[in-house]
Amino acid sequence: MLSTSPTPRKRSTRTRATAIGAVTAAAALLGVTVQATSATAGPAPAATRVDSGSLPQKLSPSQRAELIREADAATSATARTLNLGAQEKLVVRDVAKDRDGTTHTRYERTYAGLPVLGGDLIVATDKAGEVKDVNRASTARLTGVRTAAQVKASAAEKQALRASKAEGSTKLKAAKEPRKVVWLVNSAPRLAYETVVGGLQKDGTPNELHVVTDAVTGKKLGEWQAVHQGTGNTQYSGQVPLTTQQSGSQYTLTDTARGNHQTRNLNRSTSGSGTLFSGPDDVWGNGQPTNLETAGADAHYGAALTWDYYKGVHGRNGIRNDGRGASSRVHYGNNYVNAFWQDSCFCMTYGDGSGNRKPLTSIDVAAHEMTHGVTAATGNMQYRGEPGGLNEATSDIFAAAVEFNAKNPSDVGDYLVGEKIDIRGNGTPLRYMDKPSKDGSSLDYWSSRAGSVDVHYSSGIANHFFYLLSEGSGQKTINGVAYDSPTYDNKPVTGIGIDKAAKIWFRALTTKFNTTTNYAAARTGTLAAAGELYGTSSPEYTAVANAWAAVNVGTRP
């Protein structure tokens, strides 16, 4: 059924419904039944109430800007308080505030004017301005670092291009001149070059490979990909309301209620910003992939749900907490089976899947990709090794949280990733949070190899932790999906519910995690978050410890 558009009014905001096609209507006629009543994924035991003072305070863009201005003005004093060296400077990256007045300021660091990679830190101060806690990406001291390079920048650029070519990337070029940095990631500080290589990855995804080269020895110190990828399901949200913008007789997919988020059509291109979807009738798509508006409607809807989840549940006003909406680009490439986030364009991009029949634009995909943006603005766990696995898992975790919170009867909440895209061609999901190894590649438990596998597979450890913390171990059925989650130590875990688990993960992400956070540090950070929210003697705190032990990170209390 199509919505009836009201009489046009200049530059108004409308709530608009997408049209559903014959396939969706036929499913209803055939009596397909789904559960749509559960806002949480399962029952939580009677437990401690959350400490409301530790919840994030909702900040307007102007309030956030004022906190950043105040922190900027105090960077020299803060550096002295932290006993930083004379050549070290702090640069404010973000500020968050709790309801009890605690302020969490996230800083980057420079040394002799050079950016310090792995030098980021978070300083928590009480309402009187006294430092309560400092969380550092590295505890190594920055002293005696040489700033004169012995290796030429051109040599570092060639090394970066070779590294990207070895991974199958094409159309390679350095995005800009290599820049001098101080490398402080899991090592003593050393002078280095950071080179960003553009072009396309092997599967057609844009390439933003960061390669770090020792400026004294020429050795490659590290690399990571800045384009964060993920997958999900497609056009199964049914008939949904969309907030759009009207100007004269035309409507556009511009969400004026959510920072003017725009949804744009790349029309099979792999570059540019695309064309903003527009039309005269305020009805988008027909539920079929052959109608290019359908994918636009799905992406626009998923972005709105994700924005509303972060704002309504966690008090976060947009991806960067500044009230600004990102953009969504659909119809990327031809037969492109993926979706990705790019911080450089502040946008999510979606392919149309195999045969251009299943655009990757459903609720969990949108939430996954937008969460990469939230992570980039907060914990910013480097997209390599264990931090990269935690980065990718964070997107899966909040994709599940958004899906449950949405309560959409056509796409109910679950702990599966990509369950409807059929990317394998056999009807199975892409990833399973209750037992990640069911996909054939992901890790159920931590081991020493966790930092050497693809981040989409090492993410299984945190995904498994989050499922156990939410739902507990063993067999159960939630919203019609059967789960059977094992534990490393063969001991049971009692879940606390997805709402509490998500609050704990969000607080850890925004106030504890940093660029170098690994699984051991994630355990420490989530325990600290649980203690602040529920108390260190609470069932929630114990559940966090038990869930980590159940994936072989730490021991049970």
Side-chain angles (χ1 to χ4, degrees), residues 2-3 15-25 27 34 230-244 251-255 258 261-268 274-279 282-309 325-333 336-341 347-371 395 399 402-403 405-414 417-423 430:
L2 304 181
S3 65
T15 299
R16 159 185 186 182
T18 58
I20 55 175
V23 172
T24 309
V34 294
T231 55
N233 45 357
T234 58
Q235 57 231 354
Y236 294 95
S237 293
Q239 188 178 52
V240 295
L242 298 179
T243 302
T244 62
Y251 297 85
T252 64
L253 281 183
T254 302
D255 194 333
R258 299 172 180 86
H261 173 280
Q262 292 188 340
T263 302
R264 309 179 74 89
N265 179 16
L266 282 172
N267 199 27
R268 312 281 191 248
T275 304
L276 179 63
F277 278 100
S278 64
D282 209 22
V283 176
W284 308 97
N286 62 3
Q288 301 302 313
T290 51
N291 185 313
L292 297 185
E293 286 188 353
T294 297
D298 279 328
H300 203 70
Y301 175 63
L305 289 177
T306 307
W307 178 289
D308 290 350
Y309 168 78
S327 60
S328 297
R329 305 185 306 172
V330 299
H331 304 304
Y332 174 90
Y336 180 71
V337 191
N338 217 328
F340 54 90
W341 164 266
C347 68
M348 293 81 68
T349 305
Y350 306 91
D352 284 331
S354 179
N356 295 323
R357 295 189 304 270
K358 290 190 174 183
L360 282 75
T361 49
S362 72
I363 296 170
D364 58 354
V365 179
H368 180 109
E369 302 310 335
M370 284 185 70
T371 296
S395 283
V402 169
E403 198 174 65
N405 188 69
K407 293 180 282 190
N408 183 290
S410 297
D411 190 2
V412 295
D414 55 52
V417 181
E419 70 275 10
K420 294 182 178 178
I421 191 174
D422 196 20
I423 196 171
L430 181 64

Legend entry - Between His331 and Asn267: side-chain donor-acceptor atoms closer than 3.5 Å: no
Inset, instruction - Go through the side-chain N and O atoms of Tyr350 and Asp298 and say whether any donor and acceptor fall under 3.5 Å apart. - result: no
Legend entry - Contacts of type salt bridge (Lys or Arg N to Asp or Glu O under 4.0 Å), residue Arg264, not counting sequence neighbours: none
Determine the minimum heavy-atom distance between [X] and [Y], stating which atoms define it.
X	Y	value
Leu360	Tyr336	CD1-O, 4.3 Å
Ala366	Thr306	C-OG1, 4.0 Å
Ala303	Met348	CB-CE, 4.5 Å
Val330	Ala295	CG1-O, 3.9 Å
Gly353	Val337	C-CG2, 3.8 Å
Ala326	Trp341	CB-CZ3, 4.2 Å

[X] side-chain N/O to [Y] backbone N/O, donor-acceptor pair under 3.5 Å:
X	Y	result
Thr294	Asn286	yes
Glu403	Asp414	yes
Ser395	His368	yes

Find the distance between [atom1] ([X]) and [atom2] ([Y]) and round it off to the nearest 0.5 Å.
X	Y	atom1	atom2	result
Leu253	Leu242	CG	CG	6.5 Å
Asn408	Ile363	CG	CD1	4.5 Å
Asp352	Asn338	CG	CG	12.5 Å
Cys347	Met370	SG	CE	12.0 Å

Legend entry - Matching residue for Ser328 among Asn265, Thr263, Thr349, Thr361 - test: side-chain contact (heavy atoms from CB on, under 4.5 Å): Thr263
Legend entry - Partners meeting ring pair (Phe, Tyr, Trp, His ring centres under 6.0 Å) with His261 (sequence neighbours left out): His300
Side chains of [X] and [Y]: closer than 4.5 Å at any heavy-atom pair?
X	Y	result
Asp364	Val402	no
Asp255	Trp307	no
Arg258	Asp308	yes

